[in-house]
Amino acid sequence: MDSKARLLLATSNCAAICEPAGDDWRVARRDLMGNYATSVIAQEEQALVGTREGIFRSEDGGDSWRAVNNGLTIRHIRWMAADPDRPGRIFSGSEPAGIFVSSDGGRSWQGCPEVVDLRDKQGWYLPYSPEAGCIRGFAFSSPRVYAAVEVGGFLSSDDHGSTWQLGTERVQDDHKIHPDVHSIESHPASGSLLAAPTGGGFFYSGDGGVTWENRYQSSYCRALWWDPMDVDHMLLGSADWVDRNGQIEESRDRGMTWSPAAEGMDAPWRRHMVERFVQAGGDLLAVLSNGELWISALDQLAWRRILPEVREVKAACVLR
């Protein structure tokens with residue numbers, strides 16, 4: 001990782017900015033105290049923190065924050081993502097499930113009413129919450145945008161996220177994705193390549209989500225890292241069931257076969273698993289469901305825990 005790069009962490013009671021300290025990391029400051037932060041994104045000096053009470057924005061690298069909830073009719077944010085091909089276009093997914101789009105870098109938001117209509121019509125739900133589903137992830141392949149729905153399947157947009165449709169409506173049952181979609185990833189090699197960790201296995205599509213194949217049926221998984229330089233190379237945060245016997249596995253054949261890749265960790269973990277992977281230059285971060293944060297170089301996987309003083313980490317990103 002760039003020695004000048006910092007980390008912005010979302011935790012259950014604040015946003016923490018961390019900086020390199022020799023071969024380790026230290027907490028430089030904690031902001032938004034008392035806020036349950038769920039997601040973070042950063043672009044140059046601009047950063048956004050999603051919380052259960054709305055979104056906060058910084059224009060000075062995290063030195064100061066202000067609420068930016070104009071147009072945000074649902075305040076409980078579950079995930080945010082920036083469109084890599086359209087500067088300033090930001091997506092936020094909520095609980096209950098809704099999608100909000102910003103075209104001004106997160107200063108204001110516009111909801112997508114068809115997502116709410118689909119949510120109510122399809123009966124999306126969460127097994128751990130009374131709310132009607134949530135949006136847990138986004139993927140981009142311009143002009144298409146995809147969204148992961150827990151529990152409801154996946155959404156697709158053909159107009160940069162302005163309007164949405166259910167991605168599984170015209171797919172035959174034996175080619176559909178499992179409805180409990182925890183994240184969705186696209187690959188820069190082709191706009192047709194998609195992958196998704198779900199509550200019913202690891203799913204792969206080679207035709208833009210028209211059909212799906214379950215390539216790891218005995219897995220409950222939430223996190224996926226897809227090597228941007230090698231379409232066949234993946235890391236998966238898998239488990240036997242929810243937070244049960246979690247581990248990290250690696251595939252070199254696009255998810256057809258998997259092998260353990262948790263060197264340095266005491267895995268499998270009896271009661272937690274990987275929630276998210278975040279690439280940070282030549283390193284990879286793993287956010288665990290028990291709030292721990294781990295890091296490994298990508299060229300030789302060997303994991304070590306960092307920042308143990310920061311508890312209940314929910315998400316991470318690089319802040320420059």
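Bear in mind that the values here come from a model prediction, so they are computed numbers and not experimental data.
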Under-4.0 Å salt bridge between Arg30 and Glu309:
no
Hey, are Arg136 and Glu275 close enough for a salt bridge, meaning a charged N less than 4.0 Å from a carboxylate O?
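The answer is yes: the pair qualifies as a salt bridge.
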Tell me, yes or no, whether the heavy-atom count around [X] atom [atom1], taken from other residues, nucleotides or ligands under 6.0 Å, exceeds 12.
X	atom1	result
Arg304	CZ	yes
Arg270	CZ	no
Met33	CE	yes
Glu250	CD	yes
Asp24	CG	yes
Arg271	CZ	no

Enumerate the residue pairs fulfilling ring pair (Phe, Tyr, Trp, His ring centres under 6.0 Å) with a member in residues 65-104, sequence neighbours excluded, ordered by first and then second residue.
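Applying ring pair (Phe, Tyr, Trp, His ring centres under 6.0 Å) to every pair that reaches into residues 65-104, excluding sequence neighbours, yields Phe91-Phe138, Phe91-Phe140.
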Tell me the side chain to side chain donor-acceptor pair (under 3.5 Å) pairs involving residues 235-246, sequence neighbours left out?
Arg222-Asp243, Ser238-Glu249, Asp240-Asn245, Asp243-Ser289
Which residue pairs pass the side chain to side chain donor-acceptor pair (under 3.5 Å) test when at least one of the two sits in residues 41-50, sequence neighbours left out?
Gln46-Arg57
Short side-chain to backbone donor-acceptor contact, Arg86 and Asp83, under 3.5 Å
no
Between the side chains of Tyr36 and Glu312, does any donor sit under 3.5 Å from an acceptor?
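Glu312 and Tyr36 do not have a side-chain donor-acceptor pair below 3.5 Å.
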Interatomic spacing from CH2 in Trp258 to CD in Gln247 - rounded to 0.5 Å
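Here the rounded value is 11.0 Å.
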Ring pair (Phe, Tyr, Trp, His ring centres under 6.0 Å) partners of Trp225, counting only residues at least two apart
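Ring pair (Phe, Tyr, Trp, His ring centres under 6.0 Å) list for Trp225, sorted by chain: His233.
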For Trp226, what residues pass the ring pair (Phe, Tyr, Trp, His ring centres under 6.0 Å) criterion, not counting sequence neighbours?
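So Trp226 forms a ring pair (Phe, Tyr, Trp, His ring centres under 6.0 Å) with His187.
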Show the atom names and distances, to 0.1 Å, of all donor-acceptor pairs under 3.5 Å that link a side chain in residues 193-205 to residues at least two apart or in another chain.
residue : atom : partner : partner atom : Å
Thr198  : OG1  : Gly200  : N            : 2.9
Thr198  : OG1  : Gly201  : N            : 3.2
Thr198  : OG1  : Gly201  : O            : 2.8
Tyr204  : OH   : Arg254  : NH1          : 3.0
Ser205  : OG   : Asp207  : N            : 3.3
Ser205  : OG   : Asp207  : OD1          : 2.9
Ser205  : OG   : Gly209  : N            : 2.8
Ser205  : OG   : Thr211  : O            : 2.8

Determine whether Leu319 and Val27 fall in the same hydrophobic cluster, where Ile, Leu, Val, Met, Phe, Trp and Tyr are linked whenever their side-chain heavy atoms lie under 4.5 Å apart.
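The answer is no; the residues belong to distinct hydrophobic clusters.
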